[in-house]
Number of protein chains: 2
Amino acid sequence: MSSTSDFRGICIRHGLAATHQRQVIYETVMSLPGHPSAETIYEKVRERIPSISLATVYKNIRTFLESGVFQEVSFHHGSLRVEANRRPHHHLVCTRCRSIIDLEEDELEPVRLRDTYARGFQVQRFAVDVVGICDTCSKAEAISQK
Amino acid sequence: MSSTSDFRGICIRHGLAATHQRQVIYETVMSLPGHPSAETIYEKVRERIPSISLATVYKNIRTFLESGVFQEVSFHHGSLRVEANRRPHHHLVCTRCRSIIDLEEDELEPVRLRDTYARGFQVQRFAVDVVGICDTCSKAEAISQK
DNA sequence: CTAGATGCAAACAGTTTGCGTCACT
DNA sequence: AGTGACGCAAACTGTTTGCATCTAG
């Protein structure tokens, strides 16, 4: 029973209409393994609603992301960004303005996999995004909330 | 002196022709702060070569990335990917096939900023990409190198 | 009944490609 | 001289938007 009522509860909590399309998109994302793209979700949803529009899928993905029902895999999905800094370093990523600030490697405690881990993956390096709100945005927010 | 000869050395080492356009693009990327987009680089390069084509800028960025002269800020710059996994976790990212595998949070030693750090950034969470070669790709490579 | 959701097509942004001409090596 | 680079325009992919119609609340 929980699947349907989960969905309705989520919609109520976020002030969203519980439409059929929205529900199928939600269930499809939950059912797909890994990190599906909009196109993948669209293909899968069409098996249940052949007449659905790709725009509807995009609009609902956006809606779910904005209400925090789903997350984006990465904050870097936009256009290609070039990194000239050859020193190993990490990034501070602001969720508000999407700005990226370099963080020197020694500003972070060393990152390590627990030695129990293997899976045949050959590690080359660790790239850490410190996700949060930058100084500028948190000040701007403080003002707007007066 | 080193700037020009740096560039020529890089070109020789990577088997690239040392053209004027290529040099200006290289110098521009090195001079720009942060993580410029192709468009930003193009705008800046045009100050020195007004007739340059955007396609040339793109082609050269690709060339530099492929030869490792520059890096991409992130391996996630493609299309939007949706993450339904609500549990905190990290990612194994394969540089060869670009696949993304979830890594449970407890498979990594806890990530921490050194307490000296501040800059007014409000940290929400750490998103770690363990960058390397996945099992499938490393096996494929072993075979192709026979 | 009405705000918000859907479907369609057109618009857009970012990026790549084909091809004729030009320039490094 | 020949291979690869450039410039241009057209093509392409991923995504958003405007608008008329429909539907959940």
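These numbers come from the heavy atoms of this one structure, side chains and all, not from hydrogens, waters or symmetry mates. Note on naming: letters A, B, ... go to the chains in the order of the sequence lines (proteins, then strands), and numbering restarts at 1 for each one.
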CD1 (B:Ile10) and CD (B:Gln23) are apart, to the nearest 0.5 Å, by 10.0 Å
(Q) Assess, by modelled atom type and distance only, whether the side chains of A:His76 and B:Glu72 contain a donor and an acceptor separated by less than 3.5 Å. (A) no
Ignoring hydrogens and angles, state whether a donor on the side chain of B:Glu83 or B:His89 is under 3.5 Å from an acceptor on the partner side chain. yes
In this structure, CG of B:Leu80 is separated from NE2 of A:His77 (nearest 0.5 Å) by 6.0 Å
Rounded to whole Å, CG of A:Leu54 lies from P of D:dT15 at a distance of 9 Å
I want to check one thing: is the phosphate of D:dC6, taken as OP1 and OP2, less than 4.0 Å away from some side-chain N or O of B:Ser53? no
Can you tell me if the side-chain N/O atoms of A:Arg81 get under 4.0 Å from OP1 or OP2 in C:dG14? no
Looking at C:dT25, I'd like to know if its phosphate oxygens (OP1 or OP2) sit under 4.0 Å from a side-chain N or O belonging to B:Arg8. yes
- Task: Quick one: label A:Ala17 by what it contacts on the DNA or RNA (base, sugar-phosphate, nothing), any heavy atom closer than 4.0 Å.
- Result: sugar-phosphate
Winner on side-chain proximity to A:Arg22, out of C:dT15, C:dT6, D:dT15, is C:dT6
A:Ile25 CD1 to C:dG7 C1', in whole Å, measures 12 Å
In whole angstroms, the gap separating P of C:dG14 from NE2 of B:His76 amounts to 21 Å
Exercise. Does any N or O donor sit under 3.5 Å from an N or O acceptor when you compare the side chain of A:Lys59 with the base of C:dG4?
Worked result: no
Separation of C:dT15 atom C1' from B:Asn60 atom CG, nearest Å, is 15 Å
- Using a 4.0 Å heavy-atom cut-off across all strands, classify B:Thr19 as base, sugar-phosphate, or nothing. sugar-phosphate
Regarding A:Ile52, tell me which of base, sugar-phosphate or nothing describes its non-hydrogen contacts under 4.0 Å with the strands shown.
sugar-phosphate
key: Check: B:Asp102/B:His91 side-chain N/O donor and acceptor closer than 3.5 Å   = yes
On the nucleotide C:dT16, are OP1 or OP2 found under 4.0 Å from the side-chain N or O atoms that B:Arg62 carries?
yes
Sorted by position of nearest nucleotide on DNA chain C, 5' first, the leading residue of B:Ala18 and A:Leu16 is A:Leu16
So what does B:Ser79 hit on the nucleic acid, given a heavy-atom distance under 4.0 Å: a base, only sugar-phosphate, or nothing? sugar-phosphate
For A:Phe70 together with A:Tyr26, are the ring centres under 6.0 Å from each other? yes
B:Ile12 CD1 to C:dC24 C1', in whole Å, measures 12 Å
Rounded to whole Å, the NE2-C1' distance (B:His20 to C:dT25) equals 18 Å
note: B:Tyr26, atom OH; D:dA5, atom P; distance rounded to Å ~ 17 Å
For C:dA23, does OP1 or OP2 lie under 4.0 Å from any side-chain N or O of B:Gln21?
no
When B:Thr63 and A:Tyr58 are each assigned the nearest nucleotide of DNA chain D, the 5'-most assignment goes to B:Thr63
Base, sugar-phosphate, or nothing: which does A:Ser37 touch, judged by heavy atoms less than 4.0 Å apart? nothing
note: B:Ile61, atom CD1; C:dT16, atom P; distance rounded to Å ~ 9 Å
